Amino acid sequence: MIDRQDRLGRAFYARPTLSVARDLLGQRLVRRLDGQLVEGRIVEVEAYIGREDAASHAHGGLTERNAAMFGPPGHAYVYFIYGMHHCFNIVTEREGYPAAVLVRALEPLTGIQAMRERREGRPDRELTNGPAKLCYALDIGRELDGADLVEGSELWVERGERVDEERIMSGTRINVRGDKRALSAPWRFWIRDHPYVSK
DNA sequence: CTCTCGATGCGCT
DNA sequence: GCGCATCGAGAGA
């Protein structure tokens, strides 16, 4: 029963990254943990597109760390940052072209108790309202770097409620470095007024 | 509520 | 060695 019919397929991810990023809003990220499903609705994302994007980890070319970004679409790119956190991305476009969508925030849907246990002492509002926080809540670590979200059984995305076009906001990405173009590109997308969008 | 700052490991130059 | 696609504690308002 792991593979439900509404799982997003390869074709969803093999499209222009900005389209994938917008369309991921409202979809459900599903994690299998101890035989239980833990799910959250995607409410905030950021796009990282091509080697020309000075804010992208792929800017300097292919390395061991960013290899998943150069791989086929629909796979995870998980990286370790600031010496203590993980962040989760979904690879987009065609193999060989480095692009991905960083998932920045979720709204907890099911398995909330399991998330609370992994995020002990935090109020519910802070379970998954940040890219590293959601990785703690869903136990996403480097062992999932490169994992296939289309064929795999640990982590995938299912179709969720459609988000009204009017509720989709965009703006510049958070905490990125780079050139003027990277700093001004409106490649962050979120659901307007959603309580789980990061701060 | 907002702002500042330290933690902490590793990939890359 | 440097610098990071972050988080949480603590201080102040």
Side-chain angles (χ1 to χ4, degrees), chain A residues 13 16-18 20-22 24-25 29 31 40 42-71 73 75-93 97-108 115-147 149 155 157 169-191 193-199:
Chain A
Y13 304 107
T17 306
L18 294 179
V20 177
R22 294 168 84 85
L24 275 170
L25 294 175
L29 181 63
R31 173 77 162 115
I42 297 173
V43 299
E44 181 186 2
V45 297
E46 280 178 0
Y48 291 86
I49 310 174
R51 289 195 54 172
E52 313 72 36
D53 180 358
S56 172
H57 289 170
H59 183 54
L62 173 66
T63 67
E64 198 166 334
R65 181 204 199 200
N66 65 21
M69 284 191 80
F70 287 80
H75 287 246
Y77 166 46
V78 180
Y79 62 85
F80 184 64
I81 192 69
Y82 293 117
M84 58 192 91
H85 304 303
H86 294 281
C87 292
F88 166 68
N89 298 250
I90 300 175
V91 177
T92 59
E93 310 218 21
Y97 183 80
V101 175
L102 170 69
V103 178
R104 288 195 55 91
L106 303 174
E107 171 192 349
M115 297 193 211
R116 290 190 185 114
E117 285 163 14
R118 294 201 57 79
R119 299 271 301 142
E120 206 173 86
R122 311 287 159 207
D124 280 6
R125 185 64 56 85
E126 290 173 18
L127 290 177
T128 53
N129 66 335
K133 296 178 193 177
L134 69 90
C135 284
Y136 286 112
L138 268 58
D139 195 24
I140 294 173
R142 264 183 301 194
E143 66 282 357
L144 285 173
D145 184 35
L149 307 181
L155 185 66
V157 184
M169 306 275 89
S170 68
T172 56
R173 295 170 294 182
I174 295 181
N175 283 337
V176 297
R177 316 282 179 263
D179 55 22
K180 193 156 192 172
R181 178 160 176 261
L183 295 180
S184 61
W187 290 353
R188 170 177 173 245
F189 300 93
W190 67 96
I191 298 178
D193 298 330
H194 198 286
Y196 282 89
V197 168
S198 71
K199 292 180 272 211

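It should be emphasised that the depicted structure is a prediction, and the values quoted were computed from it without experimental measurement. The analysis underlying the following values was restricted to heavy atoms, covering all of them including side chains, and did not include hydrogens, waters or symmetry mates. Residue numbering restarts at 1 for every chain, and letters A, B, ... go by the order of the sequence lines.
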One should report the stems of DNA chain B, each a stretch of at least three consecutive Watson-Crick or G-U pairs at distances under 3.5 Å, as B:1-7 with C:6-12, B:9-12 with C:1-4
Starting at the 5' end of nucleotides 3-8 of chain B, put B wherever the base has a protein heavy atom under 4.0 Å, S where only the sugar-phosphate does, and a dash everywhere else.
----BB
Within the structure provided, determine whether I90(A) and Y77(A) are in side-chain contact (heavy-atom separation under 4.5 Å).
no
Can you pull the contact range of chain A along DNA chain C, 5' to 3', using atoms under 4.0 angstrom from its heavy atoms?
dC4(C) to dA9(C)
Is T128(A) reaching over with its side chain to a backbone N or O of L106(A), donor-acceptor style, under 3.5 angstrom?
yes
With sugar-phosphate meaning primed atoms plus P, OP1 and OP2, does R65(A) contact a base, only sugar-phosphate, or nothing at under 4.0 Å between heavy atoms?
sugar-phosphate
Is there a side-chain contact between N89(A) and Y79(A) in this structure, where contact means two heavy atoms from C-beta onward sitting under 4.5 Å apart?
yes
Indicate, with a heavy-atom threshold strictly under 4.0 Å, whether R188(A) touches base, sugar-phosphate, or nothing.
nothing
Within the 4.0 Å heavy-atom criterion, would you say A132(A) contacts the bases, only the backbone, or no part of the nucleic acid?
sugar-phosphate
Side chains of T63(A) and H57(A): does their closest heavy-atom pair fall under 4.5 Å?
no
May I ask you to test the M115(A)-L138(A) pair for a side-chain heavy-atom distance under 4.5 Å?
yes
Apply side-chain contact (heavy atoms from CB on, under 4.5 Å) to residues Y13(A) and V157(A) and explain how you reach the verdict.
CA-CA 11 Å; Y13(A) 304 107; V157(A) 184; 3.4 Å; yes
Side-chain contact test, heavy atoms from C-beta onward, threshold under 4.5 Å: evaluate it for H86(A) versus I140(A) and give yes or no.
no
Taking OH from Y79(A) and C1' from dG11(B), how many angstroms apart are they, rounded to a whole number?
14 Å
Do L134(A) and E44(A) have side chains that get closer than 4.5 Å, going by heavy atoms?
no
Answer whether the closest heavy-atom distance between the side chains of L102(A) and P131(A) falls below 4.5 Å.
yes
Side chains of N129(A) and V197(A): does their closest heavy-atom pair fall under 4.5 Å?
no
